[in-house]
There are 2 protein chains.
Amino acid sequence: MPSTHAPIRRKVTLIDIAAACDVSRATVSLVLRNSPLVNRHTRERVQAELQRQGYIYNRAAANLRKRTSSSIALVLNDLANPFFAEFAAGVDEEVGAAGFVTLLGSTGESPERQQAVLSSLIEHGPGGIILSPAEGSDASRVMESLGPQMPVLLFNRELGGDLPESAHWDRLMLDNAHGAELATMHLIEQGHRRIAFFGGHAQSSSCQQRRAGFMKAMKRARLKVPKDYLVESAPTRLDAARACDALFASDPAPTAAVCYNDAVALGLMLGLGQRGLQPGRNFALTGFDNIGEAAMVSPSLTTISTAPRERGRQAARLLLARLEHPQERGERTIVPVELIVRTSSCPPLAA
Amino acid sequence: MPSTHAPIRRKVTLIDIAAACDVSRATVSLVLRNSPLVNRHTRERVQAELQRQGYIYNRAAANLRKRTSSSIALVLNDLANPFFAEFAAGVDEEVGAAGFVTLLGSTGESPERQQAVLSSLIEHGPGGIILSPAEGSDASRVMESLGPQMPVLLFNRELGGDLPESAHWDRLMLDNAHGAELATMHLIEQGHRRIAFFGGHAQSSSCQQRRAGFMKAMKRARLKVPKDYLVESAPTRLDAARACDALFASDPAPTAAVCYNDAVALGLMLGLGQRGLQPGRNFALTGFDNIGEAAMVSPSLTTISTAPRERGRQAARLLLARLEHPQERGERTIVPVELIVRTSSCPPLAA
DNA sequence: CGTTATTTTTAGAACGATCTAAATGGGGCA
DNA sequence: TGCCCCATTTAGATCGTTCTAAAAATAACG
């Protein structure tokens, strides 16, 4: 039996359609874009042929000619983190709805990888970039690989170093300080006096802001914060569990902790369990982010809601709006946050 | 003070560099691609000028001319699910390492959105597609919008309907049946006799496979499975928590459950708690996926590990390899899974 | 029927790169 | 000096679209 050699069809282009319909490329192009210029009959003829040949529009070619872009780059420090995964889903939703496509890049918190990812993505000509920077990445290097014209929306974190005035980058930041303040106030109202701030890298901007909000609330309540009530950790469960010991090194030990984020809070819960403490009974704690599992763990986690999916949509909208007015100056948007009280923030045992 | 109007520089192209160096476009192009043909001095001159003008390579233009692609589309039914988020991170890692870029699309389990997403992505000319289909999506429609030539790697689920022979699509599937079998055997060894299969949509292929593995183990142990020991739910925590009641509608009630996946298992834990039962003490359960929180919840969740990040890398490698040999026939890869025993799978109380 | 509007179509350049085939400029050598 | 060879460089077509300006076809009108 003769092996039927699969016919390696070239991709079908405007020219093929034009030839088949005996019209010019230009006419087919007009049909594709639904121009009212073209006659009803021709339009139908052409549309049928497009269908028949299984034509696929080549947007890259069109973009080249039109000098436009139809993609948005999304560069995240950690896609595997549920907070960012939700955020990405939100971005993609809105980007897709606007007829754009999302170019994904994940940097795994490495400034070097971030550079590589950015320079690779930029070559594909995205209309703009949504960037949640890797820890320790700096403004001038990022600027260097993006060029001064690329619209950028910075999410969640500031870059180290400072930007030239010329770059009008937008920012979408959580109200970290206020969120931490709310959490702290809540614990104080519950009756706690010895409260620690737990987790996060002290040099990251979001950690600094959250610590500041914490300190503000403590100061207002005239509560003092011994130096060893500020405990650092990587912002992961595992490292937080490890760092738990440091909390109890001090005497007297705290009775509650405001955690840098939910991941850290969950890690701390684990650590507490290993010390024989019951979070939500003899130790109170709060998180930050309200990731899905915060509601599901036991005890359920009191936390600060930031609605990551909605933030993703918002980021996309902001950037898409910016594409229309590239020359206006960058704006800083700070989104309000909300305290979600659950069961992990119990009153102190001997209140 | 005269407002210094920001100079709206056109993008710098090969031509600009060529002009500045007084060489031809072709020469600059050769420099960009590190061709050995060009003279050392010219190369250096050109490279300096590229640097100076902040040239950015236009890969779309190059791809157009070369008739190549430098992107891979990744279409997922649910990006917000930690399992797929990890998977996506793995894909992007490998795709990036190969010098490609990831085009992201999230369908939210809607076959309609999936169609829209696919037809949008395809226009950007990806070299291939990694697709984890939405529930209820069907082969012929997908085929229709992708065309017969596009390399496709199907992950995690089969499509409904069947494919024309002509399409050599690859598949990367988890060994669902075997995984569920392992989990069931483990519960049987723990001493359980009344075991349910909990959660998932019965019509999804992965659920069918997992149920089949469950039934196989039960049959081998000569344990019978009453019809109401097969409980359906959406594969989410929330719906699983709701569906918990159905488990205890039967008499006698089961003492253990093999859950469709971790999300469902976590939901079931919640539901059990609401009924005053303690998972891991008076009810045993297992999950599937080994998502991050499986190790962190209390009790920690016995589950089946599928290493989603590594699966992502593997999927990317398979697809990239396929790009080299588009005409070979599609392969089906089934990845082994592993039982991770933790504390949720306790023996029955009255063993 | 000739003119002018109006509608519809189109030739050809352009977008920013690559590729082919050929041109250019030395050196070496007879 | 003339010829060949090698290393470099380049003109011009090309990828699949859109755009501009103008041509062609049709309608309208005195």
Side-chain angles (χ1 to χ4, degrees), chain A residues 9-47 49-50 53-71 99 120 122-127 147 149, chain B residues 9-47 49-50 53-71 99 120 122-127 147 149:
Chain A
R9 265 186 296 182
R10 297 186 315 96
K11 248 178 210 158
V12 11
T13 78
L14 276 195
I15 300 191
D16 303 302
I17 308 296
C21 295
D22 199 33
V23 295
S24 71
R25 291 187 328 282
T27 304
V28 181
S29 174
L30 289 173
V31 171
L32 284 176
R33 286 171 293 153
N34 276 316
S35 159
L37 288 183
V38 26
N39 177 290
R40 231 171 61 85
H41 289 93
T42 349
R43 170 188 311 279
E44 280 162 10
R45 220 152 37 90
V46 170
Q47 267 162 350
E49 188 65 21
L50 287 168
Q53 296 204 29
Y55 170 80
I56 288 173
Y57 186 67
N58 184 334
R59 205 168 283 278
N63 283 334
L64 175 59
R65 175 62 232 254
K66 291 199 291 188
R67 301 153 141 271
T68 58
S69 168
S70 55
S71 58
S120 164
I122 197 91
E123 296 185 347
H124 290 83
Q149 303 293 326
Chain B
R9 266 185 296 183
R10 298 187 313 96
K11 248 179 211 157
V12 10
T13 77
L14 276 195
I15 301 192
D16 304 302
I17 307 296
C21 295
D22 200 34
V23 295
S24 71
R25 291 186 329 280
T27 305
V28 181
S29 175
L30 290 172
V31 171
L32 284 176
R33 285 170 294 151
N34 277 315
S35 159
L37 288 183
V38 25
N39 177 290
R40 231 171 61 85
H41 288 93
T42 346
R43 171 188 311 278
E44 279 162 12
R45 220 151 37 89
V46 170
Q47 267 161 349
E49 189 64 20
L50 288 167
Q53 296 204 30
Y55 170 80
I56 289 173
Y57 186 69
N58 184 333
R59 205 169 283 278
N63 282 335
L64 176 59
R65 177 63 234 257
K66 291 198 291 187
R67 300 153 142 267
T68 58
S69 168
S70 55
S71 58
S120 165
I122 197 93
E123 296 186 347
H124 290 83
Q149 302 294 326

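Since we're looking at a predicted model, the values are computed, not measured. Every chain is numbered from 1, with letters handed out A, B, ... down the list of sequences.
Close to C:dT10, at under 4.0 Å from its OP1 or OP2, lies a side-chain N or O of A:Thr27. Residue B:Arg33 places at least one side-chain N or O under 4.0 Å from the OP1 or OP2 atom of C:dT18.
Taking atom CG of residue B:Leu32 and atom P of nucleotide C:dG16, one finds them 14 Å apart after rounding to whole Å. If you take NZ of B:Lys66 and C1' of C:dG16, they are 13 Å apart, rounded to a whole angstrom. We find that OH of B:Tyr57 is positioned 8 Å from P of C:dA17, with the value rounded to whole Å. Spacing between atom CZ of A:Arg45 and atom C1' of C:dT9 amounts to 12 Å, rounded to whole angstrom units. Summarising the geometry, the separation between CZ on B:Arg59 and C1' on C:dC15 is reported as 18 Å, rounded to the nearest angstrom. Computed from coordinates, the A:Arg65 CZ to C:dC15 C1' distance equals 6 Å when rounded to whole Å. Across the protein-nucleic acid pair, B:Asn58 atom CG and C:dT18 atom C1' stand 12 Å apart, rounded to whole Å. Rounded to a whole Å, the CG atom of B:Leu64 is 12 Å from the P atom of C:dC19.
Ion pairing between B:Glu44 and B:Arg40 holds under the 4.0 Å rule for side-chain N and carboxylate O.
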For B:Gln53 and B:Ile17, run side-chain contact (heavy atoms from CB on, under 4.5 Å): C-alpha distance rounded to whole Å, both residues' side-chain angles, the deciding distance at 0.1 Å, then the answer.
CA-CA 8 Å; B:Gln53 296 204 30; B:Ile17 307 296; 4.0 Å; yes
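Formation of a donor-acceptor pair under 3.5 Å by the B:Arg59 side chain with backbone atoms of A:Gly125 is not found in this model. Formation of a donor-acceptor pair under 3.5 Å by the B:Arg33 side chain with backbone atoms of B:Ser29 is found in this model. A donor-acceptor contact shorter than 3.5 Å is absent between the side chain of B:Ser35 and the backbone of B:Leu30.
Within the nucleic acid shown, B:Ala62 comes within 4.0 Å of sugar-phosphate atoms alone, with no base atom in reach, counting heavy atoms only.
Think of the region where chain B sits on DNA chain D: with heavy atoms and a 4.0 Å cut, that region ends 5' and 3' at D:dT8 to D:dG16.
Of the two residues contacting DNA chain D, namely B:Arg25 and B:Arg67, the nearest-nucleotide position lying further toward the 5' end is that of B:Arg25.
The salt bridge (charged side-chain N to carboxylate O under 4.0 Å, His left out) analysis of residues 12-23 of chain A, with sequence neighbours excluded, yields the pairs A:Arg10-A:Asp16.
The shortest distance between side-chain heavy atoms of A:Arg45 and A:Val23 falls below 4.5 Å.
Residues A:Val12 and A:Tyr55 approach most closely at O-CD1, 3.5 Å, considering heavy atoms.
Neither side chain, B:Thr13 nor B:Asn58, offers a donor N or O lying under 3.5 Å from an acceptor on the other.
An end-to-end axis angle of 70° holds for the helix from C:dC1-D:dG30 to C:dA30-D:dT1, taken from five base pairs per end and rounded to 10°.
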